[in-house]
Amino acid sequence: MRFIPIFIIAFLFFNCNKDKFTTKPQLKYKSANTTTISGSQTLTLKLDLTDKEGDFSSFLGLKKTVSGCPGSNFIDSSTYVIPDDFISTKKTEGEISISLDRLKRGSNTCFLPGGGIKPDTTIFKFWTRDKAGNVSDTALSEKIIILN
(Lines give C-alpha, C1' and ligand atoms only; values in the text may rest on other atoms or scores of the structure.)
Protein backbone atom coordinates (compact mmCIF):
# COMPACT_ATOMS: atom_id res chain seq x y z
CA MET A 1 0.00 0.00 0.00
CA ARG A 2 2.90 2.38 0.65
CA PHE A 3 4.10 1.96 -2.93
CA ILE A 4 0.96 3.43 -4.49
CA PRO A 5 1.62 7.06 -3.38
CA ILE A 6 5.27 6.76 -4.45
CA PHE A 7 4.19 5.36 -7.80
CA ILE A 8 1.69 8.21 -8.33
CA ILE A 9 4.27 10.88 -7.44
CA ALA A 10 6.86 9.31 -9.76
CA PHE A 11 4.29 9.03 -12.56
CA LEU A 12 3.32 12.70 -12.23
CA PHE A 13 6.94 13.83 -12.05
CA PHE A 14 7.98 12.04 -15.24
CA ASN A 15 4.86 12.99 -17.19
CA CYS A 16 4.99 16.65 -16.19
CA ASN A 17 8.55 16.94 -17.50
CA LYS A 18 7.76 15.28 -20.83
CA ASP A 19 7.50 17.23 -24.07
CA LYS A 20 8.41 20.60 -22.59
CA PHE A 21 9.78 23.09 -25.08
CA THR A 22 13.20 24.53 -24.37
CA THR A 23 14.70 28.00 -24.69
CA LYS A 24 17.05 26.56 -27.28
CA PRO A 25 15.07 25.97 -30.51
CA GLN A 26 14.43 22.33 -31.33
CA LEU A 27 14.52 21.32 -34.98
CA LYS A 28 13.54 17.75 -35.90
CA TYR A 29 13.50 16.10 -39.29
CA LYS A 30 10.04 14.76 -40.08
CA SER A 31 9.88 13.46 -43.67
CA ALA A 32 10.76 13.77 -47.35
CA ASN A 33 8.42 13.53 -50.32
CA THR A 34 10.80 10.94 -51.81
CA THR A 35 14.06 9.21 -50.95
CA THR A 36 15.17 8.80 -54.59
CA ILE A 37 15.17 11.82 -56.86
CA SER A 38 16.38 12.67 -60.35
CA GLY A 39 16.17 15.24 -63.11
CA SER A 40 13.90 18.20 -62.53
CA GLN A 41 12.05 16.68 -59.56
CA THR A 42 11.77 18.86 -56.46
CA LEU A 43 12.77 17.41 -53.10
CA THR A 44 10.57 18.62 -50.25
CA LEU A 45 11.78 18.06 -46.69
CA LYS A 46 9.54 18.69 -43.67
CA LEU A 47 10.87 19.75 -40.28
CA ASP A 48 9.22 20.28 -36.89
CA LEU A 49 10.35 23.40 -35.07
CA THR A 50 9.72 24.34 -31.43
CA ASP A 51 10.93 27.08 -29.12
CA LYS A 52 9.70 27.88 -25.62
CA GLU A 53 9.57 31.63 -26.25
CA GLY A 54 8.51 31.45 -29.90
CA ASP A 55 11.24 33.95 -30.79
CA PHE A 56 12.16 32.32 -34.09
CA SER A 57 14.43 34.08 -36.53
CA SER A 58 14.44 33.46 -40.28
CA PHE A 59 17.88 31.81 -40.09
CA LEU A 60 18.05 28.25 -41.40
CA GLY A 61 21.36 26.60 -42.19
CA LEU A 62 21.62 23.63 -44.55
CA LYS A 63 24.49 21.29 -45.22
CA LYS A 64 24.57 18.55 -47.86
CA THR A 65 26.92 15.68 -47.09
CA VAL A 66 27.62 12.97 -49.66
CA SER A 67 29.57 9.95 -48.46
CA GLY A 68 32.40 9.09 -50.82
CA CYS A 69 32.00 12.20 -52.97
CA PRO A 70 33.14 15.36 -51.17
CA GLY A 71 32.83 17.37 -54.41
CA SER A 72 29.03 17.16 -54.05
CA ASN A 73 29.04 18.54 -50.48
CA PHE A 74 27.94 22.09 -49.75
CA ILE A 75 26.94 24.29 -46.85
CA ASP A 76 24.58 27.25 -47.10
CA SER A 77 23.41 29.61 -44.38
CA SER A 78 21.92 32.36 -46.53
CA THR A 79 19.63 30.84 -49.18
CA TYR A 80 17.16 28.96 -46.97
CA VAL A 81 14.95 30.70 -44.43
CA ILE A 82 12.15 30.01 -42.01
CA PRO A 83 9.14 31.62 -43.71
CA ASP A 84 7.93 35.00 -42.41
CA ASP A 85 4.35 33.71 -42.07
CA PHE A 86 5.61 31.05 -39.63
CA ILE A 87 7.57 33.62 -37.60
CA SER A 88 4.72 36.14 -37.52
CA THR A 89 2.30 33.66 -35.90
CA LYS A 90 4.28 33.89 -32.62
CA LYS A 91 3.56 30.20 -31.96
CA THR A 92 5.97 28.01 -30.03
CA GLU A 93 5.76 25.10 -32.48
CA GLY A 94 5.03 24.25 -36.07
CA GLU A 95 6.10 22.52 -39.25
CA ILE A 96 8.16 24.03 -42.05
CA SER A 97 8.79 22.68 -45.54
CA ILE A 98 11.99 23.18 -47.47
CA SER A 99 11.77 22.70 -51.25
CA LEU A 100 14.97 21.94 -53.12
CA ASP A 101 14.82 22.00 -56.91
CA ARG A 102 17.67 20.58 -58.98
CA LEU A 103 19.70 23.77 -58.73
CA LYS A 104 19.28 24.10 -54.94
CA ARG A 105 19.86 20.42 -54.05
CA GLY A 106 22.97 20.24 -56.17
CA SER A 107 23.92 17.70 -58.77
CA ASN A 108 26.30 14.80 -58.83
CA THR A 109 29.95 15.62 -59.33
CA CYS A 110 31.49 12.17 -58.95
CA PHE A 111 31.88 9.89 -61.91
CA LEU A 112 32.18 6.13 -62.19
CA PRO A 113 34.99 4.50 -64.16
CA GLY A 114 34.00 4.63 -67.82
CA GLY A 115 32.28 7.99 -67.53
CA GLY A 116 28.98 7.20 -65.80
CA ILE A 117 27.69 9.40 -62.99
CA LYS A 118 27.73 7.98 -59.47
CA PRO A 119 24.43 8.49 -57.59
CA ASP A 120 24.79 10.77 -54.57
CA THR A 121 23.81 9.15 -51.28
CA THR A 122 23.03 12.34 -49.45
CA ILE A 123 22.23 13.41 -45.89
CA PHE A 124 20.85 16.92 -45.45
CA LYS A 125 21.55 18.64 -42.14
CA PHE A 126 19.61 21.62 -40.80
CA TRP A 127 20.03 24.02 -37.89
CA THR A 128 18.46 27.28 -36.81
CA ARG A 129 19.02 30.15 -34.41
CA ASP A 130 16.38 32.13 -32.51
CA LYS A 131 16.36 35.90 -31.97
CA ALA A 132 18.14 35.49 -28.61
CA GLY A 133 21.04 33.73 -30.37
CA ASN A 134 20.25 30.21 -29.13
CA VAL A 135 21.27 27.62 -31.74
CA SER A 136 19.36 24.37 -32.23
CA ASP A 137 20.89 20.94 -32.44
CA THR A 138 21.40 19.68 -36.00
CA ALA A 139 18.50 17.78 -37.57
CA LEU A 140 19.53 15.08 -40.05
CA SER A 141 17.44 13.78 -42.93
CA GLU A 142 17.26 10.16 -43.87
CA LYS A 143 19.49 9.08 -46.79
CA ILE A 144 18.34 10.64 -50.05
CA ILE A 145 19.58 9.17 -53.35
CA ILE A 146 20.15 11.81 -56.04
CA LEU A 147 20.48 10.07 -59.41
CA ASN A 148 21.30 13.10 -61.58
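Side-chain atoms are counted along with the backbone in the values below, which use heavy atoms only and exclude waters and symmetry mates.
Remark: the backbone N or O of T128 is paired with a side-chain donor or acceptor of S136 at under 3.5 angstrom. One N or O on the side chain of N33 and one on the backbone of T44 form a donor-acceptor pair closer than 3.5 Å. Between the S57 side chain and the R129 main chain, a donor and an acceptor come within less than 3.5 Å of each other. A distance-only check finds a donor-acceptor pair linking the side chain of N73 to the backbone of V66 [under 3.5 Å].
Between D130 atom CG and K52 atom NZ the span is 12.5 Å, to the nearest 0.5 Å. From R105, atom CZ reaches atom CZ of F74 across 10.5 Å, with rounding to the nearest 0.5 Å. One distance of note links CD1 of I144 with OG1 of T36; it measures 8.0 Å at 0.5 Å rounding. With values rounded to the nearest 0.5 angstrom, I98 atom CD1 is found 8.0 Å from L62 atom CG. How far NZ of K143 is from CD1 of I123: 6.0 Å, rounded to the nearest 0.5 Å. Annotation: the span from L47 atom CG to K28 atom NZ amounts to 12.0 Å, rounded to 0.5 Å.
I145 has its side chain within reach of T121: a pair of non-hydrogen atoms, C-beta onward, lies under 4.5 Å apart. Side-chain contact between T138 and K63 is absent, with no heavy atoms from C-beta onward closer than 4.5 Å. When side chains are defined from C-beta on, E93 does not count as touching D48, because their heavy atoms never get closer than 4.5 Å. Contact check for R102 versus S40: no side-chain heavy atoms found under the 4.5 Å cut-off.
Between S99 and T42, the shortest heavy-atom contact is CB-CG2, 4.0 Å. Closest of all the heavy-atom pairs between Y29 and E142 is OH-OE2, 2.5 Å. Across all their heavy atoms, D120 and C69 have their closest contact at OD1-SG, 4.3 Å. Contact between T92 and F56 at its shortest, heavy atoms only, is O-CZ, 3.8 Å. Here the closest heavy-atom approach between residue I87 and residue K131 is recorded as CG2-NZ, 4.3 Å.
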For this session: For the pair K64 and D76, evaluate salt bridge (Lys or Arg N to Asp or Glu O under 4.0 Å) and give the outcome as yes or no after the intermediate values.
Result: CA-CA 9 Å; K64 176 185 174 189; D76 190 330; over 6 Å; no
